Amino acid sequence: MTTPFGLSTVLGYPRIGPHRELKHAVESYWAGRIDAATLQETAASLRADVWRTLRDAGLDAIPSNTFSFYDQVLDTTVLVDAVPDRFRRLGLGDLDTYFAMARGTEREPALELTKWFDTNYHYLVPEVGPGTAFTARTDKAVREYGEAKALGVTTRPVLVGPATYLLLSKATDDAPEGFRPFDRLDDLIAVYEDILGVLAGAGVEWVQLDEPAYAADRTSQEIAALRAAYRRLGLLKHRPRLFVASYFGDLGDALPALLGTPVEAVGIDLVAGPSNLNRLAAAGPLHGKTIVAGLIDGRNIWRTDLRSAAATGAALTGLADHVSVSTSCSLLHVPVDLAAEPDLDQDLRARLAFARQKVDEVVALGRALRDGVGALPPASPATPAAWRNDGVRARLDALRPEHLRRGPYAQRAASQQARLNLPPLPTTTIGSFPQTSELRQARAAHRAGRLDDSGYAERMRAEVAHVIAVQERLGLDVLVHGEPERNDMVQYFGEQLDGFAATVNGWVQSYGSRCVRPPIIYGDVTRTGPMTVAWSTYAQSLTNRPVKGMLTGPVTILAWSFVRTDQPLADTANQVALALRDEARDLEAAGIRIIQVDEPALRETLPLRQDEQRAYLDWAVGAFRLATSGIADATQIHTHLCYSEFGEILPAIDALDADVTSIEASRSKMEILDDLRTTGYHRGVGPGVYDIHSPRVPEQAEVNDALRRAVAAVPAERLWVNPDCGLKTRGYPEVEQALARLVSGAAEIRSTLI
């Protein structure tokens, strides 16, 4: 069976390049080593490579306009010309204005950065007010469609849908109380009408509009607005055919709302939202509609059981005129190509599929729905026995509630202060210090065998000594060793724990030019020996001030890894937590008085639907407490949370029972303070006052003002002063200047407390 849409498609593809070519080009442009024309040439080459790859793989329908220099939501801000006036006034060209919104300038802070639903991808939050003047700026989408057409590839431009764009936006500072960006939907739809008209005039046959916001809980008014929006767009006389895609879960009542509009195709995620199938069946036969079935997991790297997926696809074929197979979401969230990992264990490699292999799965499954399943491969064999560890399973079976408890917070706080003797508003950083090119070269030389173990250790110890000296000179109260030995806060632990595998080229975009290599959790997790103790104790030997031991929490390790799917996430989290519990005990025994267990992904991994959140928070909080409850009350436990909306999970943050929690706050203009004040949060807290995701150094007045606001919301004896996040992506000159202002601001506020 052929369809107007084709048998197979994907919702998006990695844009960074197989060897992070985009990252290197963008950072070279920022550093002034290449000009804008060279950057654009690199981008065009990467786009062309993707289109050829998808065409040559046999994909029927190929997306375009999925490329971005930084973020697709920021691209949409440019598409509808919702650039905040403060960036227009900088007088920069289009490209530099774009990067100014992403990174900030000396004059203007960047747009707020937060997580894209429940993924580790970050987007830049649009600012929309009653006076925001939307205008269609379609040059990027039209240009990229034309580039592909010149290669002989007809594509489908992809846009963030208007409803999702506004639901992800925040109100401008001057907006009246009660205003919501979503109030501007009718105005934005008018601009999307213009955009569709321009694309139709350019010869575009199909447009994909992404509406993932409707996989989360939505009000009846928001669903009615979605229906009205796509009825209006669908009734346009001069437009491409419309494919509305949603992903990351169950669409709920939004699915029948969309199906009742004139759009020609609707995409559903059948991996994260299998109940979408039942909702589709309840809607009855869908004449004149294409259902784009997200049957291939776009967020994990395990091979699909294609025969099982084909059975689901077959169930769909009787429900709509046409069915096309797709990925559950964009392949932005997985590495590019498994072919770049020849050294992975062969038992493991045989079970994996990266983006390139997932395209093959989509194509094969689409053809199977037409021709039958005879050519499909069997499912992966059972998990090898060698991947199981009965010892860790026995330890988990023996756990009791008392293993997840410490003494009362007030009692702990008193004993910790007696031991640490810290001033009011103690200053610290989150953990990492700048990862210089020399450090990266040393790690690469060590991996390649050009630098032996002793030479590598000497180089890392020299950097630790430098970091300690810098912090002492600046006057910080609680120090860190700077993590020079760590390539990544999750990968570092994955490389030392059994049950994990690391890739060489398995890069995934996190935000902008920031890429990570998530490790693979394939078996039972165990610790074979100390992972951080030597570095922490060496750093502590260099100073009389307390040095934090630095661990990554179990939820974040899972969230930023590709996790096995053959057992519940809670079981894997508890295995990781046991390993961290042992590490924390060893740090304490070695004399470390403060241990930080970072959980920046706690909010990120929260299920989008409220009825699924309690079960997640129960096991997530339990895993953290398992990791941190094996030490004495006099040892202080810190945690760190960043770049998410935290107000709604403050009870869970409190339940973590950490002594001190540092939280991103600068880009969100310290919004967390209102939540802390209204909920009566009674533990130590450090709302970040320095945005490390921007090269901009905050002015002293900005730091002082943020601290004054913090002291008004949090008693000084429980308030800490720190940046938003780790400093690894920044350079030493800006870091030292910013930290000096942080220390100075804390001193000034302290002086007012006497």
Side-chain angles (χ1 to χ4, degrees), residues 114-115 117-118 170 216-219 249 399 401-413 416 430 552-559 568-570 573-574 576-577 580 596-629 633 636-665 668-688 709-710 712-715 717-720 722 724:
T114 196
K115 294 297 177 74
F117 299 96
D118 57 348
K170 64 183 295 184
D217 293 319
R218 291 296 164 206
T219 66
L399 286 175
E402 58 267 24
H403 295 136
L404 277 66
R405 288 198 294 264
R406 301 174 72 206
Y409 169 72
Q411 175 182 306
R412 299 196 316 257
Q416 291 160 14
I430 301 307
T552 302
V555 173
T556 299
I557 286 179
L558 261 63
L569 281 173
N574 283 334
V576 174
L580 297 172
Q596 183 168 309
V597 183
D598 289 339
E599 283 291 23
L602 179 69
R603 171 61 180 80
E604 160 193 323
T605 317
L606 187 73
L608 300 180
R609 294 285 180 180
Q610 192 169 17
D611 60 2
E612 301 172 359
Q613 292 175 2
R614 174 45 52 197
Y616 159 75
L617 288 172
D618 284 348
W619 68 253
V621 168
F624 182 89
R625 293 182 67 146
L626 176 58
T628 57
S629 295
D633 288 351
Q636 193 170 75
I637 291 291
H638 289 223
T639 191
H640 171 64
L641 310 170
C642 65
Y643 292 92
S644 290
E645 302 295 332
F646 297 112
E648 63 195 80
I649 63 162
L650 267 176
I653 295 173
D654 186 58
L656 294 175
D657 200 28
D659 299 301
V660 179
T661 300
S662 54
I663 299 178
E664 179 278 326
S668 58
K669 301 180 175 66
M670 307 294 277
E671 288 175 356
I672 189 64
L673 295 178
D674 290 337
D675 294 317
L676 294 171
R677 184 185 296 109
T678 56
T679 60
Y681 188 79
H682 67 285
R683 303 171 194 275
V685 64
R709 293 164 61 194
V714 179
E717 64 270 17
R718 292 194 285 105
L719 185 66
W720 286 65
N722 47 259
D724 273 346

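Since this is a predicted model, take the numbers as computed values, not measurements.
Here CG of D118 is found 12.0 Å from CZ of R609. Values are rounded to the nearest 0.5 Å. The distance from atom CD1 of I649 to atom CG of L656, rounded to the nearest 0.5 Å, is 8.0 Å. Distance check, rounded to the nearest 0.5 Å: CG of L404 to OG1 of T628 gives 8.0 Å. In this structure, the separation between CD1 on I653 and CD1 on I663 is 5.0 Å, given to the nearest 0.5 Å. Going from atom CG of L602 over to atom OG1 of T556 covers 7.5 Å, rounded to the nearest 0.5 Å. Rounding to the nearest 0.5 Å places CD of Q416 at 10.5 Å from CD of Q411.
Of the charged side-chain nitrogens involved, at least one lies within less than 4.0 Å of a carboxylate oxygen, so that R683 and D657 count as a salt-bridged pair.
Looking at heavy atoms from C-beta onward, H682 lies in side-chain contact with D654 at the 4.5 angstrom threshold. Taking the side chain as every heavy atom from C-beta outward, T661 and L641 approach each other to under 4.5 Å.
Heavy atoms only, all atoms of each residue included: A710 and L719 are closest at CB-CD2, 3.8 Å. D724 and G688 get closest at one heavy-atom pair: OD1-CA, 3.1 Å. For the pair V621 and A652, the tightest heavy-atom approach, listed with the atom from each and the gap, is CG2-O, 3.7 Å. The minimum heavy-atom distance between A573 and P554, with the atom names listed, is O-CB, 3.6 Å.
Proximity of a side-chain donor or acceptor of R603 to a complementary backbone N or O of K115 within less than 3.5 Å is not detected. Judged by distance alone, with hydrogens and angles left aside, the side-chain atoms of D659 form a donor-acceptor pair with the main-chain N or O of I637 at under 3.5 Å. Under a 3.5 Å cut-off, the side chain of R412 and the backbone N or O of D633 do not form any donor-acceptor pair. For the pair R625 (side chain) and R406 (backbone), a donor-acceptor distance under 3.5 Å is absent. With E599 contributing its side chain and V555 its backbone, the two residues share a donor-acceptor pair below 3.5 Å.
Judged as a ring-ring contact (aromatic ring centres under 6.0 Å, His included), and not counting sequence neighbours, the contacts of Y616 are W619.
Residue H640 is tested with V597, N722, T552, I430 for a side-chain contact (heavy atoms from CB on, under 4.5 Å); the sole match is I430.
By the 6.0 Å contact criterion, CD on Q610 is open, its count of non-hydrogen atoms from other residues, nucleotides or ligands being 12 or less.
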